[in-house]
J.: 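Attaching a single structure in structure tokens format; questions to follow.
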Amino acid sequence: MTTDQALTEYLLRLADTDMVLAQRFCEWCGNAPALEEEVAMMNVGLDLLGQARNWYEYAAELRNDGHDADFLAFRRNEREYRNLLIAEQPRGDYAVTTAKQFFFDVWHHLVLTRLTESSDERIAGIAAKGLKEATYHRRRSTEWMLRLGQGTEESHRRLTDAVQNLWRFTCELTDTDEIEDQLAEAGIGAGNVGDAWRAEVARVFAEAGLELPEPARHFYMDGKNGKHTEHLGFLLAEMQYLPRAYPDATW
Amino acid sequence: MQPGDLIYRERRAYQGVPLGEDDLPRAWECLTEVMDPEVPVVSVVDLGMIRAVEWEGDRLKVKVSPTYSGCPATEVIERDVQEALEDTGFKNPRIERVLAPAWTTDWITDQGRAALQAYGIAPPPKGQGRDTLHDPGPAECPHCGSTDTVQVSEFGSTACKALYKCRDCLEPFDYFKCL
């Protein structure tokens, strides 16, 4: 695979993960447990949507096939999506959303930090901008992990259940494949952030009074290559309905 | 805008007379009247979003830095900038979106900070962008000046703000986050 092909794939993974998570956040609109939390989640979702756009625009330029960022977001099917599986998991209750977001935020922060050093200036620029936002995101989800972990018996139980359920999707955050390795060697990609991710997650778990799960027997890890859980199709059906139903609509 | 300006500009462009450096201050001046649609008391210049105004051949180029990656006002602001320049007589100016270096609240001018404060939004402390990103200090209440304030939510009515409450005057207020 040429560097440009690998880079296009890599950009789509970053973009799709941001995009799918942003869509999951939107589902909380009108459903959040408190107004402040709803506002916070819409803002985090908006940040991710903006970052997705920045990655999509770059990917569209590299693909150079006449399709723009909107096409990449709204006209690709499930198998063409390259997001991490954890992003597409249903929002669940607030503990699930919190744990999901925390696992992602720790990874995201580490990846963006590394990407600010990328030899590709465009990537470094987008990452530097996103990193500031991701710093807020990680702080917020870490606080919620502590609050739910140290909170009531019920909040602790729910968070533990959420962690147990989501753990099997975290392998995608700590493992890399050939594309990621190739780009890391070229000084472009972030490479493997697994060690730092495990260390930070362990630190917060200790403080929150949570137990790190045993390694899952079966890990799910092919979202990066377009093999998804059953949830993504439903999410895309809702998200893409309007632009597909009215492809020429403008406003 | 004087209608004559436009004709004057067009004639100059038509005659191939190069537009000079002396026109740039006029461009900056007209941009000081382009307000952020979500904080309509602070101009895009005072927010530090206008990174450069320069000639590119006979076309004006303006570099604009969005505040947040997903700020929904980005397109509106770029359109407003374009229209303001056209209304002032600059033909077909080019707006370039610049992400690097990333916009920081340190670029908000003192005048911008004063305007935010008067509008009821606590301005971000200057020169501490990175530190405050990690550890927000007490925000000063824009209504009574007290620093006995408490954060209600890390995120407020827009991406750039957090929600605070003053424990002295009991008023809620927005705090423009450091970025």
Side-chain angles (χ1 to χ4, degrees), chain A residues 14-15 18-19 21-22 25-26 32-58 69 105 108-109 112 115-116 118 120-144 147 251, chain B residues 38 48-49 51 63-79 95-108 124 128-137 150-165 172-179:
Chain A
L14 292 167
D18 286 344
M19 186 78 196
L21 260 182
F25 270 121
C26 290
L35 185 59
E36 287 78 13
E37 277 311 294
E38 178 156 320
V39 170
M41 282 191 287
M42 295 309 112
N43 274 313
V44 175
L46 198 58
D47 286 344
L48 294 175
L49 187 70
Q51 293 180 30
R53 180 177 63 178
N54 290 337
W55 299 127
Y56 279 138
E57 280 172 357
Y58 190 17
D105 286 341
H108 197 212
H109 190 268
L112 290 180
L115 289 181
T116 59
S118 172
D120 184 317
E121 281 181 19
R122 177 95 173 254
I123 289 185
I126 296 173
K129 183 138 199 69
L131 179 60
K132 294 180 172 203
E133 296 154 8
T135 304
Y136 275 105
H137 302 169
R138 191 181 72 159
R139 185 165 68 207
R140 176 177 168 278
S141 58
T142 299
E143 279 172 7
W144 271 107
R147 207 179 297 182
W251 62 86
Chain B
E38 285 179 338
M49 295 177 68
R51 302 317 301 160
K63 293 184 175 174
V64 182
S65 278
T67 53
Y68 279 74
S69 299
C71 179
T74 304
E75 275 85 6
V76 178
I77 288 171
E78 288 174 359
R79 197 192 61 211
I95 312 298
E96 186 180 298
R97 195 179 299 172
V98 194
L99 295 184
W103 180 82
T104 162
T105 40
D106 286 349
W107 292 346
I108 301 179
Q128 313 174 22
R130 277 204 69 79
D131 292 342
T132 354
L133 199 57
H134 297 283
D135 180 27
V150 58
Q151 188 186 74
V152 180
S153 172
E154 179 104 54
F155 293 85
S157 54
T158 62
C160 55
K161 288 176 277 182
L163 197 57
Y164 273 72
K165 191 173 72 179
F173 64 93
D174 274 330
Y175 164 70
F176 206 115
K177 287 186 287 196
C178 277
L179 193 71

J.: Between the side chain of A/Gln51 and the main-chain N/O of B/Ser69, is any donor-acceptor distance below 3.5 Å?
T.: no
J.: Using non-hydrogen atoms and a 4.5 Å limit, figure out which bit of B/Ser65 sits close to chain A: side chain, backbone, both or neither.
T.: neither
J.: If you count heavy-atom pairs within less than 4.5 Å of chain B, which of A/Leu49, A/Asp47, A/Val44 leads?
T.: A/Asp47
J.: Measuring heavy-atom distances to chain B, does A/Asn54 have an atom under 4.5 Å in its side chain, in its backbone, in both, or in neither?
T.: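 Just its side chain gets close to chain B.
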J.: Residues in side chain to side chain contact (heavy atoms under 4.5 Å, CB included) with A/Val39, at least two apart?
T.: A/Asn43
J.: Counting heavy-atom pairs under 4.5 Å with chain A, which one of B/Ala162, B/Gly156, B/Pro101, B/Ala100 comes out on top?
T.: B/Gly156
J.: Would you confirm whether B/Lys177, through its side chain, and A/Tyr136, through its main-chain N or O, come within 3.5 Å as a donor-acceptor pair?
T.: no
J.: Work out which heavy atom in A/Ala40 is nearest to a heavy atom in B/Ser153; give both atom names and the distance.
T.: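 Scanning both residues, the minimum pair turns out to be CB-OG, 4.4 Å.
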J.: If you round to the nearest 0.5 Å, how far is CG of B/Leu99 from NZ of A/Lys129?
T.: 7.0 Å
J.: How many angstroms lie between SG in B/Cys71 and CG in A/Leu46, if you round to the nearest 0.5 Å?
T.: 7.5 Å
J.: Rounded at 0.5 Å granularity, tell me how far CZ in B/Phe155 sits from CD in A/Glu37.
T.: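 Going from the CZ atom of B/Phe155 to the CD atom of A/Glu37 covers 9.5 Å.
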J.: Can you name the residues that form a side chain to side chain contact (heavy atoms under 4.5 Å, CB included) with B/Arg97, not counting sequence neighbours?
T.: A/Arg53, A/Glu57, B/Pro66, B/Thr74, B/Glu75, B/Glu78
J.: Kindly compute the distance separating CD (A/Glu143) from CD (B/Glu154), expressed to the nearest 0.5 Å.
T.: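 Here the interatomic distance stands at 6.0 Å.
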